Each structure stands twice: as structure tokens, then as C-alpha cells.
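Report on the structure given below.
A quick note: this is a predicted structure, and the numbers were derived from the prediction, not measured. To find a chain, count down the sequence lines: A is the first, B the second, and so on, and within it residues start at 1.
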Amino acid sequence: MLCRGEVKTSRSPNGLGAGLGLVFLIISLIWETGTAAALTKSEENTIRVFQQVAPGVVNITTTAVAYDFFFNPYPAEGSGSGFIVTEEGHIVTNLHVVRDQVELEVTLADGSKWPARVVGKAPASDLALIKIEAPREAVKPLPLGPSKGVQVGQKVLAVGSPFGLGHTLTTGTVSSVGRDVRVSREVVIRGAIQTNAAINPGNSGGPLINSQGEVIGVNTAIFSPTGANVGIGFAIPSETVRQLLPGLVSPWPRVVSWVLAAVLVGLFVWWLRRRL
Amino acid sequence: MRAVAGLVGSSLIVGFALLLGLNLSTSPAGSSLAVTEDEQNNIEVYRAVAPAVVNITSISVERDFFFNIVPRQGTGSGCIINPEGYILTNHHVIEDAQRLEVTLADGSKWRGKLVGTDPDSDLAVIKIEAPRERLVSLPMGDSNTLLVGQKVLAIGNPFGLGQTLSTGVVSSLKRTLRARNGVLMEDIVQTDASINPGNSGGALLDSSGRLIGVNTAIFSPTGASVGIGFAIPVSTAKRLVPELIAKGYYAYPWIGATVTTLVPEDARVVGLAADRGALIVETVRSGPAAKAGLQGGTRRVRVGNRIIILGGDVVVAIDGRKLETADDLINTIREKRPGDTITLEVYRGGLQRDRLQVLLEERPRQR
């Protein structure tokens, strides 16, 4: 707990603050090794990272209308995961979690439920951005980390809702990096991070986290003959998310560029007709 | 000048601290032999406590199509909890057994005797008459101070492969799980350590090698581990074991009524004053609820495509605490002991508010 605050101060851009933070960090390290008898360092790291990131991970419940044998309509529920990326309440998830859904409900870590709407879609990479109108103090965005320097063998944590079991933590290591994985006919994950942390249906859209508490990927697919975890999960690297995020947050740049293109084509046609 | 002196001073402090920090990080690496601290910990815990985990083979006799007698074997795990040879395991491991065979870590086999069992919490205690020097007992830890992310070790007998170690972390706490007879079990510990058929009754340990749970169930569409395992917390075992050893069963308090959850939608449709609570469907004749004057349902009403039984009291609070579902009522009662009195706030006939005192009795046992 003590350490958590110190890590934050050491990140501050102020030089003196950074120096002081470093001193505090080391002192706290010494203090920790002196007192922590029950838990190993690795455990303490996992616990701290989970406590840091859990408020930023959400459970997404989707409702579609289905019909039973007697054609009575009933709501068919599905569940997936997602994580908050902005203080305005933007949430990154997989497109296959939110596609074709009538109603989206987001459950935050504190148990509060919020209706959500889809803001942007990236079908080729199976990513979607949704938004909830929650007050800022309820929204805890997660930092997007670098996925370029991810090494095979480093520890990763996955937080999500496998089979609807909200805020489940699973851990493992990076099994492989830079794979191109074809998930379906239209979706290929470029530069996927492969992990042996247990990923199951319902984990989709949840974050893959490094030991610093940064998001390095979006858990998206598994390889499995059974439909459940066998130790081979794939995540979309955070670089892909970072590249697509601006376009997902606001559709205007895309609209403006299409309009511009249309105007140019129009002008060209007009010029051609004048020439003829 | 002062600023410069301050800078030099602070950089000296930083330097010293760095040195200290470096020293600290290098010293443990020297002592461990080519394994990391974490590996060392796993090895130590396994060495220390694996002998306390046993294999349990339950042998039952069935008759095949031609009425020939066919023995059937099931395997599970168990942990020795004290030097007299008492072994904690799951109820479902020993459920149908006609004979129990316990294999210790040293390979010796012993005849197990059923001491006590509790289907509601899926726990059982068996005993073997082995000499004390062959028995290693497992220290019990504390499951109330667990944290998500903490390392756990599972030792058991998956698919009959005795003394198997698997590791993982605490994935989640405070889950609920239904026992095979439909009773809700609370405070279940979820883990991603591989738990497979045969691990049932085996030990879930913390990094200090203390028992924190009894591996009981998995969530899996395939029947084998997918990284979602559940363990009964050791706190439940601590509460039950003394009574299981003394009496052979755990005496649950009993109210003698069938209850169901009243949902707001139904309450609105049928016009009840209370919108949430536990609806009394029926009371057992001369049971505690009936003696206290609680009333069961009288008429059946179809709401949508379900049938609910109305006319009974709606319990909205127990001992001054509001309740939302029938499980709230059941769980509060389960924390009491037979002979305790509870105060219920009820809506009589759905309209008039009333307060009743119920004296809990010991639940009648089947068999």
C-alpha cells in the first residue's frame, strides 16, 4: 500500500520530486523486506497491481432478444469485459462482445450499473469503443502501456469476467509475441501477444496487464478444441489500440475526409465537363 | 550556497540509499541455488506439506445389467488435519463409498472410517488408525485475510496422479456456489491453479504452507481444468470440523419454512405493499415458523409464464437488517445456532406490517 503512492510520486516530471520519490521507494523496499513475512515479493506485486487496475476493468452485459420454443420473447444475455481508457467514460472492448446487441449494460468494480452506447467500431481488428455517462470520480481509466518491448517470459495478468464471473484475476507469462492470428474470416490480430494465463469466454475485451499495471493488450481470442481455456490465449497489442483510439473516439475526421474527397471528385468532374 | 549544499546532501542520501538498495537486491540471489525466490518458496512448501495430503479411493459396489457385482472406484484427495489421523475431505468424495482406502504420501494404504459428513457445505471428516509418527498434519491458516493476487498452491490427486502440485493465484473471493443438494455455499475462493477431477478434497495452501481452502469444484464446459477452480474456505472447515468429529454431523438451525425471493415486478403486478423480501411459500406443521405464527401461501397466481404462490407472509427484515432475497434470510439463519431467537419483520397478507419472534430449532436430519 505504501509503495503504491511512492511509485506515483517517482513518475512526476519534477526532478527533485523524482529524487525524493526514489529515496522513498528504496526506503519502502527496505521496510517491506523487513516486515513482510507472509507474502513473497512476487505475490505483493500481483496483489498491488490487481488493486490498482481492478477499478478500471468493467463487466459488459449484453441483451439481445431471442425467442423460446413457444415464440415467447425472452432476453438472451451475454457477457464480456472491457476497460476504461478516458475520464469521460470511454471503454475499450472487443467488437464481437457488443455487435448486434439491443442493450448494453456496464458494471463497474463498485457494483454500479450504467447503460452504454457504442461510439466507434474497428471491424478489421475486432475492437469497439463504448461510452458510459458516469461521473468522473466513478471512472478510473487504465494507462495504455507499450506493447513493443514485451518479452516472452514476462509476467502478465488478465482481469475479466470469464463465464460471467466478474473481476476474475488470472496470471501467466507471455508465451509468444508478434504472431499474426486469423480469428475469423474478416479479423486478423496483427502482432498478437500469446499468453498462458487462463482466458475463457467472457474474458473477451478485458485487459492484459504487465507487472507495472499497464495495459499491454486486449484479450480477444483463444485457441482451443473445447471452447474453453487450454493455455493458449491471444491479445490485441496495445499499440494497435493506441493507433485506432483517436478514430474511434470521434468519427468527425473520417467524415470530413470523405466529404473533402467527394468535393474533390466533384470538382474534377466539373473541370472535365468544362474541357469537353 | 545553501541550495548547493542541500543538493549535495540529498544526492549523498540518494547514493547511500541506492547502495543499500543494490546490496539488498544482490544478497538473496547469492543464497538461492539457481532458482528464483518464488521457485524456492514453492519447493519448500511442497516439501513441508505434501506428506499431509492423501489419496482417497472410494469403493462402491454396483450391479451391472446381468446383476453381476461390479466394484466401482472413485478417487479424491484429503488432508490430514491432526496427529490422531483425522482427514478432511469433500462430502462428494466419500458420498457413495462402501469402503474407503487412504493412501499416504509414503505409499502405505489404510482403511478409512467415516467420522462425520455435511452435504450442505460439501465437507466430510474420515479417520485412519495409523501410528502418529507416519502422520504429518497440515496447519490451518486464515481465509478471511486472503487477497486477490496472492499465490496459492494446490496439492491433490488429479485423475489419480497422486501428490500433484499446481500453482496459481487467488482469482476472486466471496463467490457463491451451489452444493449438489442446491444449498448455497458462501465465501468461496476462486483460483486459476489447475484443479481437476480427483483434486476434490485436496489442499489449497498459501505461500506459507498453511491450509486456506478445500478444493471442491471447477467451472468447466469440458470436465477438466480451464483455469476456474473453487475452494471451500478454511473458515467454514474450522467451524464445522469440531462438531463433525464430536457428533458426526453439523447441527444447522432450522426455521421450518419454504421461502422464495419476491421480486419487485411480481410484487407490483399482484399489488403487495412490500416490493422486496422473502416470500413464505409454506410452513412445516409444528415447525418453528408455524409455532411463531408465520403463515404460508394460500393461492397460486400465474405471472407471465411463472406460477407464484401468494397469501403468505413477506419477510422484509431479520434482526433489524433489511433483506433482499430468500438467500439473505437463509444465510442469516445459517450463522445462528439452534436455540437462538430471531426477530422477523413481515408483511401479513402483503399489507399489514408485523413483528415476530422465532425460536430456531435443530434441523431434522434425513436417515
Interface residues of residues 154-171 of chain A facing chain B - non-hydrogen atoms under 4.5 Å apart: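 Residues of residues 154-171 of chain A touching chain B at under 4.5 Å: A:Pro162, A:Phe163, A:Leu165, A:Gly166, A:His167, A:Thr168, A:Leu169, A:Thr170, A:Thr171.
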Residues that B:Glu324 engages under salt bridge (charged side-chain N to carboxylate O under 4.0 Å, His left out), provided they are two or more places apart: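 By the salt bridge (charged side-chain N to carboxylate O under 4.0 Å, His left out) rule, B:Glu324 matches B:Arg276.
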Which residues share a salt bridge (charged side-chain N to carboxylate O under 4.0 Å, His left out) with B:Asp206, sequence neighbours left out: B:Arg210
Donor-acceptor contact below 3.5 Å, side chain A:Asn200 vs main chain B:Val226: yes
Flag for A:Glu43-B:Ser207: side-chain donor and acceptor within less than 3.5 Å: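 Side chains of B:Ser207 and A:Glu43: pair found under 3.5 Å.
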Choice from B:Ile228, B:Val170, B:Thr191 maximising heavy atom contacts with chain A below 4.5 Å: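 So the answer, after comparing B:Ile228, B:Val170, B:Thr191, is B:Ile228.
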Pick from B:Val148, B:Asp38, B:Val169, B:Thr222 with the largest number of heavy-atom pairs that fall under 4.5 Å of chain A: B:Val148
Selection from A:Thr226, A:Ile47, A:Val49, A:Thr46 maximising heavy-atom pairs under 4.5 Å formed with chain B: A:Ile47
Closest heavy-atom pair and its distance - A:Ala198, B:Gly227: CB-CA, 3.8 Å
[atom2] on [Y] to [atom1] on [X], rounded to 0.5 Å:
X	Y	atom1	atom2	answer
B:Leu147	A:Arg48	CG	CZ	13.0 Å
B:Ser220	A:Asn229	OG	CG	9.5 Å
B:Gln150	A:Ser42	CD	OG	11.5 Å

Pairs involving residues 101-114 of chain A, ordered by first then second residue, that meet salt bridge (Lys or Arg N to Asp or Glu O under 4.0 Å) (sequence neighbours left out):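 Not a single pair qualifies under salt bridge (Lys or Arg N to Asp or Glu O under 4.0 Å).
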CZ (B:Phe159) with more than 12 external heavy atoms under 6.0 Å: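 Yes - once you tally the heavy atoms of other residues, nucleotides and ligands closer than 6.0 Å, there are more than 12.
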